[in-house]
Amino acid sequence: MGSTGKFVLLSAAWGGSFALIKVAVEAGLPPVQVALGRCLFGALALWAICAAQGAAVPRDPRTWGHAAVIAVLLNSVPFTLVAFGESKVDSVLAGVLNATTPLTTLAFALLVVPDERVTRTRLAGLLLGFAGVLVLLGVWRGLDGDVLAGGLACLAATTCYGAGFAYTRRFFSGGPHRASALSAVQVTCATVQLGVAAPVLSGAPVWPGAHALLALVVLGAVSTGYAYVINLDLIREAGPTVASTVTYVTPLWSTALGVVLLAEPVGWHTFVGGAVVIGGILLTRRPAADRIST
């Protein structure tokens, strides 16, 4: 499969995750159990990929320690937050709000990555992206409790992603281990974390029904497991800049699947707000020499 095919497949896998989460939460699964199922099936898929590749398992405590931190930031907490958010708002809104991830990633990278610079252009992009979020939420109409709670949960998840990606870049992405092995360790740590937290937060496991279980299997194995491998292949073949643009396409998939499969309504502000957010992202990535500080 060529780079174009992998790009489309990755965007579909990540964009489709929001509809799958919606199926699971509407079946009555508590958000933390949705996150647990997602990580469990994702870990199983990743270990199967590692076995097929003959990838060596990291054994040093430092790698596992960083993986545990990243699992909190990229899996355990944000997966639970997104599932909670989708118990309050449509998968369409959750998917488009997720497009703010590059903005939160930049914000944290500016704080923890030494070679990242604050410029006026980047600052303007961050502010424009925030304005896009306000349009997405339709703040001029007033926010009822569910929309506010669900939207804030989804935005909190993207904040976790931003911190997690910045932490990964600085502490976890280097070294000799294959990405599939590092991903397997990370998602396994998340599975253990959620396995401990789920009984405390939601009680005994709930049988969601066959359709919701199938949604969890696909969500974990494809959107959380196999997608990691596709993403790595795309970075290696087309470069990180091209690979990162998948963020612009995933909201299209989440919107289309939410409308077609779940019959969710879409207002004009969803499209306008999404476009403004993407405009902010593009602005943060423009080269600029107007440094504010280092």
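In this text, all values refer to a predicted model and were calculated from it rather than measured experimentally. Residue numbers start at 1 and run along the sequence shown.
- The NE2 atom of His211 sits 13.5 Å away from the CD atom of Glu26 when rounded to the nearest 0.5 Å.
- Panel note: side chain Thr158, backbone Leu155; a donor-acceptor pair is recorded below 3.5 Å.
- Across all their heavy atoms, Cys154 and Ala94 have their closest contact at SG-CB, 3.7 Å.
- Contact of the Leu262 side chain with the Val23 side chain is registered, since non-hydrogen atoms from C-beta on lie closer than 4.5 Å.
- Residues Leu44 and Val192 do not share a hydrophobic cluster, clusters being chains of Ile/Leu/Val/Met/Phe/Trp/Tyr side chains in contact below 4.5 Å.
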Would you check, one step at a time, whether the test side chain to side chain contact (heavy atoms under 4.5 Å, CB included) holds for Tyr226 with Leu9?
CA-CA 10 Å; Tyr226 184 49; Leu9 187 58; 4.1 Å; yes
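- You'll find the side chain of Phe18 reaches within 4.5 Å of the side chain of Asn98, heavy atoms only.
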Test side chain to side chain contact (heavy atoms under 4.5 Å, CB included) on Asp60 and His177 and set out the steps.
CA-CA 11 Å; Asp60 55 296; His177 301 294; 3.7 Å; yes
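- Under the 4.5 Å side-chain heavy-atom criterion for ILVMFWY residues, no single connected hydrophobic cluster contains both Val196 and Val77.
- The distance from the CG atom of Asp146 to the OG atom of Ser87 is 8.0 Å, given to the nearest 0.5 Å.
- At a threshold of 4.5 Å between non-hydrogen side-chain atoms, the residues Val57 and Trp47 count as touching.
- In the hydrophobic cluster analysis, where Ile, Leu, Val, Met, Phe, Trp and Tyr join through side-chain heavy atoms closer than 4.5 angstrom, Leu219 is grouped apart from Val32.
- Inter-residue side-chain proximity for Leu182 and Pro58 is flagged as met; some heavy-atom pair is nearer than 4.5 Å.
- Using a 4.5 Å heavy-atom threshold, the side chains of Lys88 and Leu148 count as separate.
- Hydrophobic clustering (side-chain heavy atoms under 4.5 Å, transitive across Ile, Leu, Val, Met, Phe, Trp, Tyr) groups Val89 together with Leu97.
- Closest non-hydrogen pair, Gly95 versus Ser254, comes out as CA-OG, 3.5 Å.
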Residue pair Gln33, Ser202: steps toward the side chain to side chain donor-acceptor pair (under 3.5 Å) verdict:
CA-CA 8 Å; Gln33 292 189 20; Ser202 64; 3.0 Å; yes
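- Rounding to the nearest 0.5 Å places SG of Cys160 at 5.5 Å from CG of Leu81.
- Side-chain contact between Leu74 and Phe79: absent, with no pair of heavy atoms (C-beta onward) separated by less than 4.5 Å.
- The minimum heavy-atom distance linking Val187 with Gly42 is given by the pair CG1-C, 4.1 Å.
- Trp207 CH2 to Leu29 CG: the interatomic distance, rounded to the nearest 0.5 Å, is 10.0 Å.
- The distance from atom CG of Leu93 to atom CD of Glu86, rounded to the nearest 0.5 Å, is 9.5 Å.
- At least one donor-acceptor pair closer than 3.5 Å links the side chain of Gln193 to the backbone N or O of Ala68.
- Heavy atoms only, all atoms of each residue included: Leu128 and Gly279 are closest at CD2-C, 3.8 Å.
- Put simply, the side chain of Val82 reaches to within 4.5 Å of the side chain of Tyr161, judged on heavy atoms.
- Closest approach of Ala24 to Val34, counting heavy atoms only: CB-CG2, 3.9 Å.
- Cluster annotation: Val206 and Leu216 are assigned to the same hydrophobic cluster (Ile/Leu/Val/Met/Phe/Trp/Tyr, side-chain heavy-atom contacts under 4.5 Å, transitive).
- Taking every heavy atom of both residues into account, Ala184 and Cys50 meet most closely at CB-SG, 4.0 Å.
- Side-chain contact of Thr250 with Trp14: a donor-acceptor pair under 3.5 Å is absent, judged by distance alone.
- Judged purely by atom type and a 3.5 angstrom limit, Ser11 uses its side chain to pair as donor or acceptor with the backbone of Val8.
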List the steps, then state whether side chain to side chain contact (heavy atoms under 4.5 Å, CB included) holds for Leu46 with Val185.
CA-CA 9 Å; Leu46 284 165; Val185 169; over 6 Å; no
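- Under the 4.5 Å side-chain criterion, counting only non-hydrogen atoms from C-beta, Ile70 is in contact with Tyr167.
- To the nearest 0.5 Å, atom SG of residue Cys39 and atom CD of residue Gln186 are 9.0 Å apart.
- Here the rule is side chain to side chain donor-acceptor pair (under 3.5 Å) with Arg38, and of Thr224, Thr191, Thr80, Asn75 only Thr224 fits it.
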